[in-house]
Number of protein chains: 2
Amino acid sequence: MPAVSAARGRPTSNGAGQKRRAGRPSAAVLDKSGITAAALELASRKGYEGLTMAALAKVLDVAPSALYNHVASKQDVLLLVEDHLMSLVDVSAFAAGNWEDAVRTWAWSYRNVFAEHTPLIPVIAVLPVTDAPQTLAMYETVSKGFSDAGFPQERIVPAIVALESFIFGSAYDVTAPEDIFESGSMADATPYFTAAVRSSARDADPSGGRAEANAQELGRPADTAFRMGLEALISGLGALRGR
Amino acid sequence: MPAVSAARGRPTSNGAGQKRRAGRPSAAVLDKSGITAAALELASRKGYEGLTMAALAKVLDVAPSALYNHVASKQDVLLLVEDHLMSLVDVSAFAAGNWEDAVRTWAWSYRNVFAEHTPLIPVIAVLPVTDAPQTLAMYETVSKGFSDAGFPQERIVPAIVALESFIFGSAYDVTAPEDIFESGSMADATPYFTAAVRSSARDADPSGGRAEANAQELGRPADTAFRMGLEALISGLGALRGR
DNA sequence: TCTAATAAATGAATGACATTCATTTAGTGG
DNA sequence: CCACTAAATGAATGTCATTCATTTATTAGA
């Protein structure tokens with residue numbers, strides 16, 4: 001009955017570093033959900049460079065090798081985290097509203113969740129949904145939403161994949177440095193591009209000149225590009241519905 | 001004059017493993033372009049797991065530490081490779097044809113190049129264009145294409161970024177296993193999704209039943225999704241042009 | 001022309017990791 | 001009661017990228 005150990009207080013760290021002696025403890029210290037939670041917390045706090053098996057073990061107050069009784073590899077840990085994050089993606093709008101609004105809500109939420117976790121994106125690309133119940137649940141809700149909206153069966157998966165591809169790519173874009181497009185010394189050689197960069201930077205400020213804190217939020221270049229692409233996809237894909 | 005050493009025959013590997021003695025050699029053995037070429041060749045032949053500094057040094061017939069006289073880090077090597085790949089992206093269609101066709105050609109080419117090199121995608125996301133002349137050249141051509149097509153200045157960069165995000169995400173999708181969406185034992189719990197997956201797999205064969213070798217090429221699920229998303233983006237973004 | 005600085009190589013550490021293995025202890029099924 | 005399995009510890013291992021001291025060659029300046 002793992003429920004007992006899970007319900008017990010202070011699941012990690014037994015306070016004053018009294019070390020556990022070797023051998024199986026009476027109550028199991030580790031389980032997948034604890035590992036997942038600790039990994040997520042660690043990644044959020046220290047970034048993915050800080051998410052090492054040793055650091056994870058330390059948070060959980062075990063020896064690193066103990067982790068391997070519960071996961072096969074570090075990749076496995078990332079899979080657990082990834083699937084957990086999928087449960088944070090907001091699919092609620094597919095229940096009620098119209099398709100356009102539902103896709104908008106879902107896509108923004110999806111991008112925002114993974115923008116903080118881009119190192120997981122390569123993991124997702126190879127992850128069979130069988131091993132990822134939360135991921136599967138998300139796909140089910142979204143698929144139903146597309147079906148209800150009148151999408152022909154055979155176009156549902158490609159349409160979702162196209163949106164997801166855009167979302168993952170856009171999540172990376174969020175992490176890019178603001179000045180990534182500064183051409184510096186080469187500016188003379190690239191007049192069109194340089195002008196375009198200047199002009200988009202100006203336009204990105206929604207306050208029309210009163211550039212303050214909101215320049216970070218509403219005016220983030222990544223948000224402008226995401227909005228533009230998403231609206232294009234919504235209208236273009238929406239046209240594929242059978243009325 | 002590095003041209004001399006570059007023009008010399010057998011630039012890598014001095015045949016019968018006679019080792020170079022310590023100290024600076026009369027003719028430089030390494031330079032950035034040689035390192036780039038060797039890294040690309042190694043990655044293509046062995047994959048990115050095989051691209052280690054030690055393996056790279058071996059191909060170039062030097063000690064691993066010698067590489068650090070020319071690049072600051074492995075990340076630096078990836079940057080060199082990445083920028084080189086950008087020169088392989090086909091931007092030629094922006095010179096002549098109409099905007100839609102040019103974007104189509106460019107996007108397919110871009111995706112196909114990076115589908116083989118997805119480990120570089122996280123690198124690109126952080127790479128300032130200043131350090132990447134080929135990348136900058138590509139942006140210049142594309143920007144000019146958008147400008148000539150009547151795009152307002154301030155919308156050019158966001159539109160390109162949106163397309164690029166979709167392209168990078170789609171490049172990952174190409175690498176995904178074909179059966180990634182097989183829900184297996186959970187199929188009962190996800191009827192809509194399962195039906196959609198079945199149906200799209202059937203539809204992916206463009207020969208309408210005569211499934212042969214082309215099922216791999218034209219009918220790849222990733223291609224269907226890419227085509228669908230790209231056409232949606234082209235028509236959606238195209239609408240933003242000022243006539 | 002000598003000489004100091006710099007460039008470019010070698011080879012031997014270093015340190016961070018993930019992962020494995022032998023060992024110990026504790027439940028569990030027959 | 002006993003063999004088996006599960007879950008810990010702690011001590012390797014092996015693979016990496018990276019650094020450092022050292023050696024040799026080229027080059028710029030006096």
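Just so we're on the same page: letters track the sequence lines, and every chain starts at 1.
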*Partner of A:V123 by side-chain contact (heavy atoms from CB on, under 4.5 Å), out of A:V81, A:L79, A:V77*: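 So, applying the side-chain contact (heavy atoms from CB on, under 4.5 Å) to A:V123 and each of A:V81, A:L79, A:V77, only A:L79 qualifies.
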
*From the options A:L40, A:I121, A:T135, A:D131, select the one residue that forms a side-chain contact (heavy atoms from CB on, under 4.5 Å) with A:E82.*
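Considering A:L40, A:I121, A:T135, A:D131, a side-chain contact (heavy atoms from CB on, under 4.5 Å) with A:E82 is found only for A:T135.
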
_Donor + acceptor pair across side chains of B:Q134, B:Y139 (<3.5 Å)_ =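 On atom types as modelled, these side chains do not qualify, holding no pair under 3.5 Å.
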
*Assess the side chains of B:D90 and B:T105: does a donor N or O sit below 3.5 Å from an acceptor N or O?*
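Side chains of B:D90 and B:T105: no pair found under 3.5 Å.
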
Between the protein and nucleotides 16-19 of chain D, list the N/O to N/O atom pairs that are separated by less than 3.5 angstrom.
| unit_1 | atom_1 | unit_2 | atom_2 | d |
| --- | --- | --- | --- | --- |
| D:dA17 | OP1 | B:M53 | N | 3.3 |
| D:dA17 | OP1 | B:K74 | NZ | 3.0 |
| D:dA17 | OP2 | B:M53 | N | 2.7 |
| D:dT18 | OP2 | B:Y68 | OH | 2.8 |
| D:dT18 | OP2 | B:K74 | N | 2.8 |
| D:dT18 | O5' | B:Y68 | OH | 3.4 |

From [atom1] of [X] over to [atom2] of [N], roughly how many Å is that when rounded to an integer?
{"X": "A:Y48", "N": "C:dC17", "atom1": "OH", "atom2": "C1'", "result": "18 Å"}
{"X": "A:D61", "N": "D:dA7", "atom1": "CG", "atom2": "P", "result": "17 Å"}
{"X": "A:K58", "N": "C:dC17", "atom1": "NZ", "atom2": "P", "result": "12 Å"}
{"X": "A:L60", "N": "D:dA8", "atom1": "CG", "atom2": "C1'", "result": "13 Å"}
{"X": "A:L30", "N": "D:dT9", "atom1": "CG", "atom2": "C1'", "result": "12 Å"}

_What I want to find out is whether B:D223 reaches B:R111 closely enough, with some N-O distance under 4.0 Å, to be called a salt bridge._
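B:R111 and B:D223: salt-bridged.
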
*Would you please confirm or rule out a distance under 4.0 Å between OP1 or OP2 of C:dA9 and any side-chain N or O of B:H70?*
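Indeed, a polar side-chain atom of B:H70 lies that close.
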
*Going by the ring pair (Phe, Tyr, Trp, His ring centres under 6.0 Å) test, name the single residue among B:Y172, B:W108, B:Y110 that passes it with B:F226.*
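Option passing the ring pair (Phe, Tyr, Trp, His ring centres under 6.0 Å) with B:F226: B:W108.
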
*Under the 3.5 Å rule, do the base of C:dA9 and the side chain of B:N69 count as making a donor-acceptor pair?*
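Present.
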
